[in-house]
Amino acid sequence: MAINNINSSLSGLTSKTTSAKTSKQDASSESSSSSVSKNTVAQDTVKLTEQAQSLTRLQQKITDAPDTNSSKVASIKAAIDRGDYKINSKSIANKLLAQEKSLFGDNK
């Protein structure tokens, strides 16, 4: 008999716990649905400046450009094959020095 009383008491607690959980879930669902509706009203927008758009177009042109100038390579190969291609070491040295100065400054 005592066992039956315990079972009925546990049954009562279980139903109270279940109804409390359901109430919390309903409240949670309502608050999340109201926050969703609030979030969908506000929209973020981004507007790029003309300078940013220009940089994007320039970057795309650079990406689309070929890596080598095929006609220039072909003409240099032909000149080397004919023996006409002359290397101007002074011009190469001057260009290397100019590039060095532009990168690291004039340390003199």
Side-chain angles (χ1 to χ4, degrees):
M1 214 182 231
I3 294 176
N4 290 337
N5 289 340
I6 291 174
N7 286 337
S8 63
S9 297
L10 288 177
S11 173
L13 287 176
T14 304
S15 64
K16 287 180 185 178
T17 306
T18 304
S19 64
K21 284 183 184 177
T22 305
S23 298
K24 285 182 183 179
Q25 288 173 349
D26 290 343
S28 172
S29 297
E30 288 176 14
S31 69
S32 67
S33 66
S34 65
S35 67
V36 168
S37 64
K38 289 178 186 176
N39 289 340
T40 57
V41 173
Q43 294 181 358
D44 293 335
T45 59
V46 175
K47 182 174 178 168
L48 297 177
T49 63
E50 181 59 36
Q51 185 179 15
Q53 292 173 0
S54 177
L55 287 172
T56 301
R57 288 189 298 272
L58 180 61
Q59 184 178 15
Q60 188 60 44
K61 284 182 181 179
I62 290 170
T63 302
D64 293 343
D67 292 336
T68 58
N69 185 342
S70 300
S71 62
K72 189 170 184 175
V73 170
S75 67
I76 291 173
K77 279 185 177 182
I80 291 171
D81 289 343
R82 290 189 310 269
D84 296 341
Y85 188 75
K86 303 288 184 212
I87 298 173
N88 185 345
S89 58
K90 188 172 187 173
S91 174
I92 292 171
N94 286 335
K95 288 181 181 181
L96 284 171
L97 288 172
Q99 184 178 12
E100 176 101 5
K101 286 181 184 178
S102 72
L103 291 173
F104 302 110
D106 192 7
N107 293 331
K108 290 183 180 181

So, does S75 use its side chain to make a donor-acceptor pair with the main chain of K72 at under 3.5 Å?
->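 Flag set: sc S75 to bb K72 pair under 3.5 Å.
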So which residues get pulled into I87's cluster when ILVMFWY side chains under 4.5 Å apart are joined, directly or through others?
->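 Direct or chained contacts put I87 with I76, I80, Y85, I92, L96.
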Chi angles and distances behind the side chain to side chain contact (heavy atoms under 4.5 Å, CB included) call for S71, N69 = CA-CA 6 Å; S71 62; N69 185 342; 2.9 Å; yes
Should the heavy atoms of other residues, nucleotides or ligands under 6.0 Å from CD of E50 be counted, would the total exceed 12?
->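 Counting neighbours around CD of E50, more than 12 heavy atoms of other residues, nucleotides or ligands fall under 6.0 Å, so yes.
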What is the distance from atom [atom1] of [X] to atom [atom2] of [Y], rounded to the nearest 0.5 Å?
X   : Y   : atom1 : atom2 : result
S54 : Q59 : OG    : CD    : 11.5 Å
Q51 : T56 : CD    : OG1   : 10.5 Å
N94 : Q99 : CG    : CD    : 13.0 Å

Candidate pair T49 and Q53, rule side chain to side chain contact (heavy atoms under 4.5 Å, CB included), full reasoning | CA-CA 6 Å; T49 63; Q53 292 173 0; over 6 Å; no
